[in-house]
Amino acid sequence: MVAKTLIICEKPAAAAKIAVALAPGQPEAGQLNGVPFYNFELEGRRVTVVPALGHLFVLKNLKPLRDYPCYEVGWVPAYRVGGRATRTKAFIEAIRELAKDATDFISACDYDIEGSVIAANVLRFICGEEALRRAKRMKFSTLTAEDLRQAYEHLLPRLDYELIEAGVARHLLDWYWGMNVSLAMSTAVRLAEQRFVKLSAGRVQTPTLRILAEREREIRSFKPEPYWVVNLVVDLNGMEGVAEHVKGRFSDRVAAERVVAACREKPARVFSVEKHRQQRSPPPPFNLSDLQMEAHRCLGYSPLRTQQIAQELYQAALISYPRTDSQKLPPSIDFRRIIEQIGSASAEYRRPAEELLSLPELRPREGEKTDPAHPAIYPTGQRPEGLTGQQRKLYDLIVRRFLSLFGRPALLESMRVDLDVGGERFFIRGRRVLEEGWLKYYGDYAATEEAILPELQEGQSLAVKEVRLEERQTQPPQRYNPASIVKRMEEVGIGTKSTRAQIVQNLYERGYITGRQITVTDLGMQVVDSLLRYCPEITSEELTATFEREMDAIQEGKKTKEEVIERARAELDRILAKFKQHQLEIGRLLAASYRASLLKQRNLGKCPICGGELRLTVSRATHKRFVGCSNYPRCHNSFPLPQAGTIHPLGEACKFCGAPVIQINRAGARPYRMCLNPDCPAKKNR
DNA sequence: GCAAGGTC
C-alpha cells in the first residue's frame, strides 16, 4: 500500500491554499457531503488535505445540570450541542472517511492555542490516539505558498502537546467558571421564587457588564452643575462668526455678567491672527475592530452586523479574511492589479483609481498592530455583483479606506483669531483644507468639518452684533454604544476579535443591557452587584490575565494542566459554597430586579394626558397588543400598535405631537421609528 | 436553559 499523509487544516480556505502550495501541479479537488478536500502526489506519497470548520468538538456536561458545583464535562461533536453547528457533522464524517487509509498525519491548523486544540481533537476523536501521538506539525505564520512549503519541509516531529494542554485547560476553566456561576444564579432565582430566569456569567461577559454598570452608576449619580459661557457674535468681513471668551466656562454667573457688561457697546479689535499648517496622514488599514468602529460611526451598523456582512463579502471573494487584528498590508499583495480592477469595475472608483495608478509607487499607510495569521482587511478587486444594500455600503467603506491608504497626506490649515473687546479676550477658530490628499478617496467617511474664516488683519476693527450670556449644564459621561464597548474590551484585553461583538449581543439578549446608547437594566445592575459581593473574581478582567499566565505556565512546562484545573476547582468550591449559603437572598434580589426590568421594558413613555406611564399591554379579549396607561381605569388613553415585530421604547417624545416614539424591528425589514399617536399632524400629509 | 472559542 502506498503511504498516505492526511493534512488537517483549520478551515476550508486554508485547506485550499495549503493544497495549492504543496502540490507539484494542480491538486485534484474532491467533495464529500459538501466538504472540500484535495489529493495529490508528492515524492512518491499520496497526500490528502482536508479542512475542519473551526472547533468540531466542544465541551458538554456529561449528566444533566441539576446542581452546582459541576465539573463533569467531556468533548462531544459540536453538532450534538444546541441546534447550531449542523455542518460540523459532514466535516467529521468526511475526515473519518479520508483518514481510513491514512498512514501519516500532519496538523496544519493555525499555530496558536485554539488551532492546536482543533487539530488535536480531530486526531484524537476521529483518527485515534495513535494518530495523535504520531502526528507531525506544520508551523507557519502566513498562508503564502512560500511559508507553507517551508513549513512542510521543516515539519515539527511532534505536536506541541504543551500548547494543546494549555488550550484544553482554557476550555475547561471557562466552562467551570462560566457554567457554575451561571447555574448558581439561575438556581438561586428558581429556589427563591419558583421561576426560571436565564442568567449567565462568564470570564468575558461579566467584566464587560461591569464596565457598563460602572458607567451607568456614574451617569445615575451625576449631578449636573450650571456654568456660563460668554459668546460674541461678530461681523467678520460680512460673514457672521461666533467667538468664545478665552476663559471658557464661568462657574460664577456674576463674573460672566461682568464680562458681558464690559463688552457692551464696544467694538472688537483683532488682537492676533495665527495660522498653522498640519499634515494629516491617512488612517491605517482596517482590522476587524477598526472596521466595526468605523461602520458604526459612518453607517450605524452594530459590530455583530458588520462582522456578519464582512463574512458574506469574504465568502463572495470580494474582501480578504475579516477576522484579523492586523493593520499591515504586505508588499506581496498586488496593489496595482487590485486598484486597476476596482477602477474598471465601477464608475465611481474610476477617477481615484486612475490617479493612484499614475503614482510612481504604490505604498500603503500601515498601522502598528499585527496578526500572526492574516494581513489587514483589503478588497480583492473582484467585481461585486448582486450585493444587498448593506453589503454594498460596507464594501464601499472598505474600498474607500483601501484607496485612501495610498493617497498623499492631507494638508490642513488651522487658524485662531483672538479678539479684544473692552479689555476682554475672545477667540474663534477656523480650519480649511489646503490639499485634499487621501481625504477625497475616503469621501464622505472623512469627517473634516471645515470652518473657513475670511482673511483678517491684526488691529482691524470688527462690529459686534451681540454679546451672549448662555447658561449651560455640565454633562454626565457618555454612554457606551455597541461599537465603543467592543473597542473597550479590546483595550482591556478581554475576548477575541471573533467573539467580542457576539458577547455584547448576548448581554442584550439576557436583558442585562438595552438601547443603542447602552443603558444597564435593573437586572444587569443586580447581577453585577451580586457577583461583586459573592464572586468578585469573575467581574474583573484580571481573571483573563490570570488564565493567560496559567496557560503560559502550562506551555512552558512549569505547571501541568491537572494542577491548574485542580486549583481552579478548589477556588470555585469555596466561592460556590459561600454563594449557596446566601442563595435565597441572592435569588430574591435577582428576581425582584428581573421583574422591575420587565416592567420598565413595557414602559414606552409618559402619558400626554395624565402623566402616567404608557405601557405595552395585551388585550384580554382579542390577545392583541396595544398601548395603555398605567392609570387605567382612571385614565383611558390608549394607542394601537402594529402586531408584528418587536417594540423598543426610544425614550423620546414626538417633535410634532409629544407622544412617545418607538422603534419596531421586524425580521427581514429595516427597523423603523414611529410615534404612538395615529392622529399625529406629521402623519396627515401622506 | 447556563461560557468562550473557533468557523461558515
Side-chain angles (χ1 to χ4, degrees), chain A residues 9-15 34-36 51-61 64-70 73 75 78-79 81-92 109-110 112-122 166-190 195-209 307-317 321-323 373-374 489 494-507 509-510 512 527 538 543-544 547-548 551 572 576:
Chain A
C9 311
E10 184 146 330
K11 50 184 175 276
V35 178
L53 195 66
H55 285 293
L56 297 182
F57 298 87
V58 296
L59 289 177
K60 187 175 182 332
N61 47 305
L65 278 175
R66 293 228 172 79
D67 197 10
Y68 65 93
C70 171
V73 294
W75 294 100
Y79 62 85
V81 177
R84 300 192 310 274
T86 48
R87 287 193 64 202
T88 56
K89 187 167 203 267
F91 278 74
I92 290 172
C109 290
D110 296 353
D112 55 28
I113 194 164
E114 296 300 330
S116 300
V117 174
I118 290 168
N121 281 343
V122 163
V168 171
R170 201 282 302 155
H171 281 263
L172 287 169
L173 290 183
D174 269 332
W175 201 96
Y176 286 180
W177 280 88
M179 285 299 192
N180 279 297
V181 178
S182 299
L183 192 57
M185 289 197 299
S186 304
T187 306
V189 173
R190 186 166 49 78
R195 74 188 293 175
F196 178 77
V197 180
K198 192 196 277 185
L199 295 174
S200 66
R203 173 177 58 85
V204 180
Q205 62 169 269
T206 306
T208 304
L209 181 60
Q307 197 169 331
Q308 288 163 345
I309 302 169
Q311 174 68 19
E312 291 159 11
L313 294 174
Y314 164 68
Q315 278 168 247
Y321 194 71
R323 285 186 291 274
H374 304 283
M489 292 167 79
I494 54 178
T496 72
K497 53 191 176 273
S498 312
T499 59
R500 290 183 194 115
Q502 182 63 56
I503 284 170
V504 171
Q505 183 60 34
N506 291 345
L507 296 178
E509 285 171 12
R510 293 277 176 275
Y512 293 169
V527 165
I538 209 169
L543 192 60
T544 290
F547 273 30
E548 281 168 2
M551 301 309 109
L572 273 166
L576 294 167

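Quick note on labels: first sequence line is chain A, next is B, and so on, each numbered from 1.
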Taken in chain and number order and not counting sequence neighbours, the residues that satisfy ring pair (Phe, Tyr, Trp, His ring centres under 6.0 Å) with A:Tyr321 are A:Tyr314, A:His374
List for me each residue that meets side chain to side chain donor-acceptor pair (under 3.5 Å) alongside A:Gln505, sequence neighbours excluded, and say none if there are none. A:Glu509
Could you pull out all residues at least two apart from A:Thr88 that satisfy side chain to side chain donor-acceptor pair (under 3.5 Å)? none
Checking A:Thr544 now: which residues fulfil side chain to side chain donor-acceptor pair (under 3.5 Å) with it, not counting sequence neighbours? A:Arg203
Please encode protein proximity along nucleotides 3-8 of chain B as a string of B, S and -, counting only heavy-atom distances under 4.0 Å. BBBBBB
List the residues meeting side-chain contact (heavy atoms from CB on, under 4.5 Å) with A:Met185, not counting sequence neighbours, and say none if there are none. A:Leu199, A:Ala201, A:Tyr512, A:Val527, A:Leu531, A:Phe579, A:Leu590
How long is the line joining NZ of A:Lys198 and C1' of B:dG1, in whole Å? 6 Å
